[in-house]
Number of protein chains: 2
Amino acid sequence: MKKKRVQEKIKARSVPFSQTRSRHASETAEDYVEAVLDLIDEKGECRVLDLSRFFNVSHVTVSRIVKRLNDADLLYTQPYKPIELTDKGYKLAKKSKKRHEIVLAFLIKLGVDKANAEIDSEGIEHHVSPSTLDAMKKFLK
Amino acid sequence: MKKKRVQEKIKARSVPFSQTRSRHASETAEDYVEAVLDLIDEKGECRVLDLSRFFNVSHVTVSRIVKRLNDADLLYTQPYKPIELTDKGYKLAKKSKKRHEIVLAFLIKLGVDKANAEIDSEGIEHHVSPSTLDAMKKFLK
DNA sequence: CATAATCCGTAGCCATTGCTACATTTATAC
DNA sequence: GTATAAATGTAGCAATGGCTACGGATTATG
Ligand SMILES: [Mn+2]
Ligand SMILES: [Mn+2]
Ligand SMILES: [Mn+2]
Ligand SMILES: [Mn+2]
């Protein structure tokens, strides 16, 4: 086969990797808004240190990310004040949480023990296309 | 509930995130050795530019990562020479490829179209515990 | 063998996400 | 109210993975 053809064939396989990188780029935002939603729900408010404990990272890491998500209009933060979700952040949180719950329930129904299902679903949720999510929903019914 | 108890409860939920970060840290190595294995198999040899096309990133990004994986004893590289796998790299590649194939076959059997299954499995493969992999294997039988 | 094309390395930039150390603000306790 | 504790912010470092620009090495072409 011609060299060019071989190269094009190789390049054609790059799509899943580009997509995976793109999904990883949105992962932090999704996990953070979901965490803020949960923490407000369970604790009444969400603080930097709550997120720091929730993710097991330093408060500095959280503080920087929260600032970026504030700039992205996903949440609202003021110095030394609790963190709140914007409308946009709330919608993303609800959608991410729903998807996460489906993935978790799916794994459990598939026969995975709860501990592993919780661990695996935390990563898998960000790599599930609408098509795959549909297939999981059908399996759950 | 006491404040301390609440904080411990929050901290307890951090395990999946720590695990997910750890898995993302091994993802590049897994994808690269798998790619080297495939490219040698299909093209006869694996070059920096092959990987650059395969992943759709610049040759500089590939070159830096290849150097790190060389230091980690996963592959063997010399300037301007083709890239080869070490024993350790070959073993990791085989294992990763096997797991990837199972995840892909699983998604297809679940009813996901091939294009989405290929995209999603590229990310999901790195978040599948032995427990989940077993469940997928059982489902395939 | 000389020239052109291709491949690859290096320098240097940016963004993200992890960290420790230290400063400042806010809340709690006395 | 003041001292202490807790929470948060800031400075600055490292690793990783993107990039462009440029130059040197290798290979192909004539
Ligand atoms: Mn989640
Ligand atoms: Mn997650
Ligand atoms: Mn992958
Ligand atoms: Mn992932």
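Residue numbering restarts at 1 for every chain, and letters A, B, ... go by the order of the sequence lines. These numbers come from the heavy atoms of this one structure, side chains and all, not from hydrogens, waters or symmetry mates. Predicted model, so just to flag it, every value in this text is computed and none were measured.
The interatomic distance linking Arg21(B) (CZ) with dT16(D) (C1') rounds to 15 Å, in whole Å. For Phe55(A) and dT16(C), the CZ to P distance is 17 Å, given to the nearest whole Å. Note: CG (Leu51(A)) to P (dG9(D)) measures 11 Å, nearest angstrom. Per the geometry, CD belonging to Gln78(A) stands 15 Å off C1' belonging to dT26(C), to the nearest Å. Put simply, NZ on Lys81(A) is 10 Å from C1' on dT26(C), counting in whole angstrom units. In this structure, the NE2 atom of His24(A) is 15 Å from the C1' atom of dG18(D), given to the nearest Å. In this structure, the NZ atom of Lys4(A) is 12 Å from the P atom of dA5(C), given to the nearest Å. In this structure, Phe17(A) places its CZ atom 14 Å from P of dG17(D), rounding to the nearest Å.
In summary, Lys11(B) and Asp50(A) do not engage in a salt bridge, as defined by a charged side-chain N under 4.0 Å from a carboxylate O.
Between Tyr32(A) and Phe55(A), the two ring planes are parallel [angle under 30°; tilted spans 30° to 60°].
The side chain of Thr61(A) contributes an N or O atom lying less than 4.0 Å from OP1 or OP2 of dC19(C). Within the structure, a side-chain polar atom (N or O) of Lys67(A) is placed less than 4.0 Å from OP1 or OP2 of dT10(D). Between Gln7(B) and dA7(D), a side-chain N or O to OP1/OP2 separation shorter than 4.0 Å is present. In terms of phosphate contacts, Lys3(A) brings no side-chain nitrogen or oxygen within less than 4.0 Å of OP1 or OP2 of dT6(C). Residue Ser63(A) places at least one side-chain N or O closer than 4.0 Å to OP1 or OP2 of dG9(D). Using a 4.0 Å cut-off, some side-chain N or O of Thr28(B) falls inside it from OP1 or OP2 of dG17(D).
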Evaluate the salt bridge (Lys or Arg N to Asp or Glu O under 4.0 Å) criterion for residues Glu101(B) and Arg99(B): first the C-alpha distance (whole Å), next the side-chain angles of each, then the deciding distance (0.1 Å), finally the verdict.
CA-CA 5 Å; Glu101(B) 284 167 355; Arg99(B) 192 187 53 184; over 6 Å; no

Check the pair Lys4(B), Glu8(B) against salt bridge (Lys or Arg N to Asp or Glu O under 4.0 Å), reporting the backbone distance first and the verdict last.
CA-CA 6 Å; Lys4(B) 279 267 161 138; Glu8(B) 279 163 24; over 6 Å; no

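Mapped onto DNA chain D by nearest heavy atom, Ala25(B) and Arg47(A) fall at different nucleotides, with Arg47(A) at the one closer to the 5' end. The 5' end of DNA chain C is approached more closely, in terms of each residue's nearest nucleotide, by Pro82(B) than by the other of Tyr32(A) and Pro82(B). Residue His59(A) is the one, among His59(A) and Tyr80(A), whose nearest nucleotide of DNA chain C lies closer to the 5' end (criterion: closest heavy atom).
Which of dT8(D), dC8(C), dA21(D) sits closest to the side chain of Val48(A) comes down to dT8(D). Nearest nucleotide to the side chain of Val60(B), out of dC7(C), dC19(D), dT8(D): dC19(D).
Using modelled atom types, one side-chain atom of Arg47(B) and one backbone atom of Tyr80(B) make a donor-acceptor pair closer than 3.5 Å.
For a distance-only test at 3.5 Å, the side chain of Arg64(B) qualifies as a donor-acceptor partner of the base of dG18(D).
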